[in-house]
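Quick notes on the structure that follows.
By convention in this document, chain letters (A, B, ...) are assigned in the order of the sequence lines, proteins followed by strands, and residues within each chain are numbered from 1.
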2 protein chains.
Amino acid sequence: MTAVAHGAPNDRARPAGEPRWLDAEEQKAWRAWLYSAQLVLDRLDRELTHETGISHAYYEILVALSETPGRMLRMSELADRCLSSRSRLSHAVSRLEERGWVRRQVCAEDGRGQLAVLTDDGFEALEAAAPVHVESVRTHLFDQLSPEQVEAMRDLGETLLRHLAAR
Amino acid sequence: MTAVAHGAPNDRARPAGEPRWLDAEEQKAWRAWLYSAQLVLDRLDRELTHETGISHAYYEILVALSETPGRMLRMSELADRCLSSRSRLSHAVSRLEERGWVRRQVCAEDGRGQLAVLTDDGFEALEAAAPVHVESVRTHLFDQLSPEQVEAMRDLGETLLRHLAAR
DNA sequence: GCAGCCTAGTTGATGGCTCAATCATTCCGC
DNA sequence: GCGGAATGATTGAGCCATCAACTAGGCTGC
């Protein structure tokens, strides 16, 4: 599953010098992180999808809108908050419009812009899904972790974000 | 982005009692974990895909095969190791066959079973991709973390896995 | 006031993933 | 050994994400 799996540094010339292979301990840490992240994300998405019909990606859109005054956001701002590309968001909002949970509205200040607005039906759908989601997060994350581990999770996450959010 | 976003416990009756909403600190820890996991996974996949033409999912298949004596595995065993459904793996192996990196072979002991076998071309493709992948993992993960954080990452991952791997 | 560039957002083609249905083979009880 | 259940794997339909191309509106300098 990982870069160094087939062993010791080999002798191929690399554009950027010798690869910095992982040692056995790093390997274990990396795989534990990778597997756990994949499994938890997958599990949260599946439980939410199967019990409410809303995928985690769509849920994030509804939440982002609900947290905003007026329950509306510019498409690009919404995309950023959902870690989504604009194209992906545009498609997703179209599907949410079909369900009647979001509607589009042209932006008054900028004729190019669009506002995505959460409808009352959308808010209700979100309210119905939220307890399911929080229960999954509790079950697969917080219930498994000591307070120290929760703190470590936050520290780790924030450290990684500091690097990646900067682009 | 999260379950408790729209605030305090409300009064809707829930099948399983009052939702166990996250408090502000839990909220921060949860979002830090979620965003960082999504961003890191996304980044690793994009860098690998763009620089080598192999997605992370396909890369995992090649690695799993390469680590095995004879460089072959039963389809279902391979699926388990890649955290993949059988259907997904079957589709993926078909694509890898088209590239000439894997071939299928009926299993001698069980006529229903199939073996996925890594070809020499497949092994070469993996060797070419591995340095790119390990560099991404270093850049976005290990280079950002102290030894204590790496240890915490491993501890956290293993704890979550213990719960999820058990199903 | 318009030419050229930039920004916001959408669209459609392509490929991957999920789910349910299906096929082939093996296992099991008798 | 034979009928039925279980197992291993594949298939196809439908949905979602990605990428590149495109539309439309705004901005800037002259």
Side-chain angles (χ1 to χ4, degrees), chain A residues 38-39 41-62 65 72-99 101-117, chain B residues 38-39 41-62 65 72-99 101-117:
Chain A
Q38 289 184 156
L39 279 174
L41 290 173
D42 184 62
R43 192 60 90 82
L44 296 177
D45 186 45
R46 289 181 118 80
E47 290 181 353
L48 190 62
T49 301
H50 288 153
E51 291 177 43
T52 72
I54 308 177
S55 70
H56 192 256
Y58 285 17
Y59 182 79
E60 287 186 353
I61 294 172
L62 301 181
L65 288 175
M72 58 179 67
L73 276 173
R74 287 287 292 266
M75 294 295 285
S76 47
E77 175 64 22
L78 184 54
D80 289 347
R81 294 196 191 191
C82 296
L83 306 181
S84 175
S85 72
R86 291 166 190 207
S87 170
R88 179 187 180 200
L89 181 73
S90 187
H91 285 298
V93 166
S94 297
R95 302 293 148 20
L96 292 172
E97 264 188 313
E98 287 165 14
R99 298 196 195 186
W101 292 349
V102 171
R103 65 188 160 75
R104 273 182 243 243
Q105 185 180 303
V106 288
C107 177
E109 297 92 51
D110 187 338
R112 294 166 301 182
Q114 291 274 113
L115 288 164
V117 187
Chain B
Q38 289 183 153
L39 279 175
L41 290 173
D42 183 63
R43 192 59 91 83
L44 295 177
D45 186 44
R46 287 183 120 79
E47 289 182 353
L48 191 61
T49 302
H50 288 153
E51 291 177 41
T52 71
I54 309 176
S55 71
H56 193 256
Y58 285 18
Y59 182 79
E60 287 185 353
I61 295 173
L62 300 182
L65 289 174
M72 57 181 66
L73 276 173
R74 289 285 294 266
M75 292 296 286
S76 48
E77 175 64 21
L78 184 54
D80 289 347
R81 294 197 191 190
C82 296
L83 306 182
S84 175
S85 72
R86 289 165 193 209
S87 170
R88 179 188 180 199
L89 182 73
S90 188
H91 285 297
V93 165
S94 297
R95 303 293 145 45
L96 292 172
E97 265 187 311
E98 289 166 12
R99 298 196 196 186
W101 292 350
V102 171
R103 68 190 157 73
R104 274 180 241 245
Q105 185 180 302
V106 289
C107 176
E109 297 93 53
D110 187 337
R112 294 166 300 183
Q114 292 274 113
L115 289 164
V117 187

Toward the 5' end of DNA chain C, by each residue's nearest nucleotide, A/M75 or B/A92
A/M75
Let me know the distance between CD1 of B/I61 and C1' of C/dG16, rounded to the nearest Å.
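That distance rounds to 11 Å.
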Separation of D/dT10 atom C1' from B/L96 atom CG, nearest Å, is 16 Å
If the cut-off is 4.0 Å, is B/R104 near the phosphate of D/dT10, judged by side-chain N/O to OP1 or OP2?
yes
Closest nucleotide among D/dT18, C/dT25, C/dG9 to the B/R46 side chain:
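It is D/dT18.
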What are the two closest heavy atoms between [X] and [Y], and how far apart are they?
X     : Y      : value
A/I54 : A/Y59  : CG2-N, 3.6 Å
B/R99 : B/G53  : NH1-O, 3.1 Å
A/L78 : A/A116 : CD2-CB, 3.9 Å

With DNA chain D as reference, determine whether A/G111 or A/S84 sits nearer its 5' end, using the nearest nucleotide of each.
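Nearest nucleotide further toward 5': that of A/S84.
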Could you list the protein-to-nucleotides 13-16 of chain D atom pairs, N/O on both sides, closer than 3.5 Å?
none

I'd like to know if the side chain of A/R95 and the backbone of A/H91 have a donor-acceptor N/O pair within less than 3.5 Å.
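Yes: the side chain of A/R95 pairs with the backbone of A/H91.
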Side-chain donor/acceptor of B/S87 to base of D/dT11, under 3.5 Å:
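Under the 3.5 Å cut-off, the side chain and the base do form a donor-acceptor pair.
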